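In this text, all values refer to a predicted model and were calculated from it rather than measured experimentally.
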Amino acid sequence: QIDDLAEVDYSLSSLPAIFRPFIDLDLKGVVFPAGNYTDSPYVAASFTIPDQSDSMLYLAFSEYFFQTSSFAYYTAGAFNMTIAEETCSYFNINTEIFGSIIPEVAKYSVTPNPVMLKLMATEIPIISLEQDSFTVEIQGSMEVLAVLPDSTTQSLFTMNIAANTSISLNIFDQKLMGSLCLNRLQFSLAHSNVGSFEVLLLENILSYILQTEVIPSANGK
């Protein structure tokens, strides 16, 4: 078991191949939702490890492993989350920012109100391996809610999201480290309680916040 949401089947998929200088072990590497061994929609492709002999152990993961991981966590609801008002306030996200783009938002209060963000993946994230990195394609939605003075919430609008991110991998101090980069972020309006508005302005502001605040904070951990 990986965690409360996912398990992994790493049983042998074939007999060990024993040679004079090394042993080859082919493992399944299938990740599935915890307690629910479901068939993956993906097909595993065979691959080989480069012929090298200067290390004691070589361990390789195929794209299939990451694809089944994405499927398992998507099925378990791991990509659905609520970003609380405290976190949004930390990154200076409030109704004032949205009100500068959408005048109707400013009508909820004279002073800025905090907001909550409800994020949900609407499709299984697509993971693709590349040299020294991998990319993640995400299709989802984001609902923005204003937190009013009486602690109730008011849904402002819901956006469709298409994002492309890449994670560069490197080894530092004998540890595998990852560096997150946002390659593309696109929004479209799915529903609005505050009338129609120019999506591009909101897209630019949120992209700026992600690039200058959220992603550097995540990479710093």
Taking only residues two or more places apart in sequence or in another chain, which ones pass ring pair (Phe, Tyr, Trp, His ring centres under 6.0 Å) with Tyr74?
none
Considering residues at least two apart in sequence or located in another chain, which fulfil the side-chain hydrogen bond (donor to acceptor under 3.5 Å, both in side chains) criterion with Ser166?
Asn183
Using the test ring pair (Phe, Tyr, Trp, His ring centres under 6.0 Å), find all partners of Tyr64 that sit at least two apart in sequence or belong to another chain.
none
Provide the closest heavy-atom pair for Ile93 versus Ile97 in the form atom of the first, atom of the second, distance.
CA-CD1, 3.9 Å
Checking Met142 against Lys118 for the side chain to side chain contact (heavy atoms under 4.5 Å, CB included) test, could you report, in this order, the C-alpha distance in whole Å, the side-chain angles of both residues, the deciding distance, and whether it holds?
CA-CA 6 Å; Met142 178 183 72; Lys118 288 188 176 181; over 6 Å; no
Considering all heavy atoms of both residues, which atom of Pro125 and which atom of Ser70 are nearest to each other, and what is their separation?
O-OG, 2.7 Å
Would Ile161 and Ile138 count as a side chain to side chain contact (heavy atoms under 4.5 Å, CB included) if you check the C-alpha gap in whole Å, the side-chain angles of each, and the deciding distance to 0.1 Å?
CA-CA 8 Å; Ile161 304 173; Ile138 302 172; over 6 Å; no
According to side-chain contact (heavy atoms from CB on, under 4.5 Å), who are the partners of Ala190, at least two apart in sequence or on a separate chain?
Thr158, Asn160
Per the side-chain hydrogen bond (donor to acceptor under 3.5 Å, both in side chains) rule, what does the pair list look like for residues 137-148, sequence neighbours excluded?
Glu137-Asn164, Glu137-Arg184, Glu143-Ser155
By side-chain contact (heavy atoms from CB on, under 4.5 Å), which residues pair with Thr153, not counting sequence neighbours?
Met116, Leu145, Val147
Val144-Met120 co-clustered via ILVMFWY side chain contacts under 4.5 Å
no
Give a yes or no on whether Asp4 atom CG has more than 12 heavy-atom contacts from other residues, nucleotides or ligands under 6.0 Å away.
no
Start with the C-alpha distance between Val194 and Phe98, add both sets of side-chain angles, then the distance that settles side chain to side chain contact (heavy atoms under 4.5 Å, CB included), and finish with yes or no.
CA-CA 11 Å; Val194 293; Phe98 294 116; over 6 Å; no
If you look at every heavy atom in Asn113 and Thr95, which pair is closest and at what distance?
N-OG1, 2.7 Å
Applying ring pair (Phe, Tyr, Trp, His ring centres under 6.0 Å) to Phe79 and not counting sequence neighbours gives none
List for me each residue that meets side-chain hydrogen bond (donor to acceptor under 3.5 Å, both in side chains) alongside Asp150, sequence neighbours excluded, and say none if there are none.
Thr152
Report yes or no: does Glu63 contribute a side-chain atom to a donor-acceptor pair with the main-chain N or O of Leu129 at less than 3.5 Å?
yes
For residues 127-146, pull every pair meeting ring pair (Phe, Tyr, Trp, His ring centres under 6.0 Å), keeping only residues two or more places apart or in separate chains.
Phe66-Phe134
Sequence neighbours left out, what passes side-chain contact (heavy atoms from CB on, under 4.5 Å) with Leu182? Give chain and number order.
Thr165, Leu185, Ser207, Leu210, Gln211, Ile215
Residues forming a side-chain contact (heavy atoms from CB on, under 4.5 Å) with Leu189, sequence neighbours excluded
Phe157, Met159, Ser192, Phe197, Val199
For Tyr73, enumerate each residue passing the ring pair (Phe, Tyr, Trp, His ring centres under 6.0 Å) test, keeping only those at least two apart in sequence or located in another chain.
none
